[in-house]
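Chain naming here is simple, since letters A, B, ... match the order of the sequence lines and numbering starts at 1 in each. What you are looking at is a predicted structure, and each value in this text was computed from that prediction instead of being measured.
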There are 2 protein chains.
Amino acid sequence: MSRKIANPAKQADGKDYLAHIAYDSVVFGFSGDKLKILLMEYRNTGLFALPGGFVGRKMNLDDAVRAGLEERTGLSGIYMEQFHTFGDCNRQDASVLKKIMKANGIEAEKDHWLLDRFISVAYYALINYKAVKLQPDALSDSCDWYPVDALPQLILDHGKIVEKALQALRWNTDDRIIGMKLLPEKFTMKELQQVYENILGEQLERANFQRKMIASGLLTRHAAQFTGKAHKAPYLYSFAEKKTSVF
Amino acid sequence: MSRKIANPAKQADGKDYLAHIAYDSVVFGFSGDKLKILLMEYRNTGLFALPGGFVGRKMNLDDAVRAGLEERTGLSGIYMEQFHTFGDCNRQDASVLKKIMKANGIEAEKDHWLLDRFISVAYYALINYKAVKLQPDALSDSCDWYPVDALPQLILDHGKIVEKALQALRWNTDDRIIGMKLLPEKFTMKELQQVYENILGEQLERANFQRKMIASGLLTRHAAQFTGKAHKAPYLYSFAEKKTSVF
DNA sequence: TATTATTGTGTCTTTTTGATACAATGAATG
DNA sequence: CATTCATTGTATCAAAAAGACACAATAATA
């Protein structure tokens, strides 16, 4: 709920946004052999939340989410998938919101539109970690990466949302090229394997993984990378084209 | 959008429902070796639509959908899955809605809440065809089954919704017991195979299908069914317990 | 030059899948 | 009542995929 509200004046009433509808995004990146996600920390509260926002009255849902993601990451053409809509009544918690608003000097009248009930459409995005320039929003003082296996406590049902995003991501492994979006243009076989291991949550046989990936025809091999490490230099690979996946 | 509005009085203003939020359901059933879905036909319009409804202000999204499904089918404990939320601006079409409202004697003022923009959360449900007692709603004069490979033209983006529901259903084949929900308690191997063939949209080898299903350990075999047909009587099977699937 | 930590490949076994064959069964046929 | 017919249950064989593991290649380092 670290909501993107570019112009805080608009926030005073919610007239520019569709009432009751929000989105949250789980942004995955890969670095240091770990799968990570983006979290916002609210100013003066110690509260962590997923980046999210509202949907302009004249805006397609997808476009609203994409715009929010692009603004926060500085990237364009982001790969994203909608995975679930959270609509329980009890996902609201006025006390948390009031705390955030108070810490930001926003008057929290009892019938403030932000305190009303919201249904949240959740998306996950896969981005190239290295390419991102993070940009916190008006209410947050930080926007940073956290490994999915060591997240801080999140507000509201955001923990559940992350859980479901991971599930959805694992699912899509069957049908989509995940590595392509999470890794830079060129990468080693080891990095690719680590991405899959992180997502699937299990160890894979190195030799067999390599065999399958090569056999899939998805990869193009480039010149070897000289790492300066005490062993054979690994080849670099890149994705060639979109085909059905291997798993 | 054949919306369940039990009390038409409530409809006059949308105060009892969350603004801008609707749901649509794609109800799958299996009969006569075909996969079918439920469609509503609006009175005096010839327009077909998915059954749907709105979300009460104090109601969980899932519960609202479940309640609507139960009311329409007369069943309880329905298996349902949310699969996508449709949020494009242009999914609205005031002229269609006005036509429906007019045909039902509802005054369609320019700012009627039904004519406002709606985001629709879509669910699919799997039900035992034979157990259903269909129940049209106030705006519809029929509620009936149509084979998915021969649907009439649907209003708005409902065609797209059905398309996506089928996709989602195919996906879930990898991980869920679909036959269990679409077939009666006991069924023949042939019926089970037909369900899978309908959903996957491809022919399966009878002998291999049988082998895999038996090997999966999901099925319990019962006494053979004497059909009166000129051949060996097939065994009846039922599902034993929930395990990970075979495909 | 041997050692070490990888990476790239080869190969053997096991499991899964696809294709096909065939026996069993219950009614219909004459 | 034997024969034919349609369909079901099971077996079998070959091909493909997956899992396990061995080993050669290579770049730094000692």
From [atom1] of [X] over to [atom2] of [N], roughly how many Å is that when rounded to an integer?
X: B:Gln194; N: D:dT7; atom1: CD; atom2: P; value: 11 Å
X: A:Lys212; N: C:dG10; atom1: NZ; atom2: P; value: 19 Å
X: B:Glu205; N: D:dT8; atom1: CD; atom2: C1'; value: 14 Å
X: B:Leu204; N: D:dT8; atom1: CG; atom2: P; value: 15 Å
X: B:Leu192; N: D:dG9; atom1: CG; atom2: P; value: 12 Å
X: B:Met213; N: C:dG18; atom1: CE; atom2: P; value: 15 Å
X: A:Asn208; N: D:dC21; atom1: CG; atom2: C1'; value: 9 Å

Restricting to salt bridge (Lys or Arg N to Asp or Glu O under 4.0 Å), what partner residues turn up for B:Asp157, sequence neighbours left out? B:Arg91
Protein-to-nucleotide contact annotation, 5' to 3' order, nucleotides 1-9 of chain C [B base; S sugar-phosphate only; - none; under 4.0 Å, heavy atom]: ---BBBBBB
Distance check, rounded to the nearest 0.5 Å: B:Lys164 atom NZ versus B:Lys160 atom NZ? 8.0 Å
Roughly how far apart are A:Ser25 OG and A:Ile37 CD1, rounded to 0.5 Å? 10.0 Å
I'd like to know whether CD of B:Gln153 has more than 12 heavy-atom contacts from other residues, nucleotides or ligands below 6.0 angstrom. no
Matching residue for A:Ser238 among A:Glu185, A:His222, A:Lys186 - test: side-chain hydrogen bond (donor to acceptor under 3.5 Å, both in side chains): A:His222
Test side chain to side chain contact (heavy atoms under 4.5 Å, CB included) on A:Leu219 and A:Phe187; report intermediate values, then the result. CA-CA 10 Å; A:Leu219 300 179; A:Phe187 48 86; 4.0 Å; yes
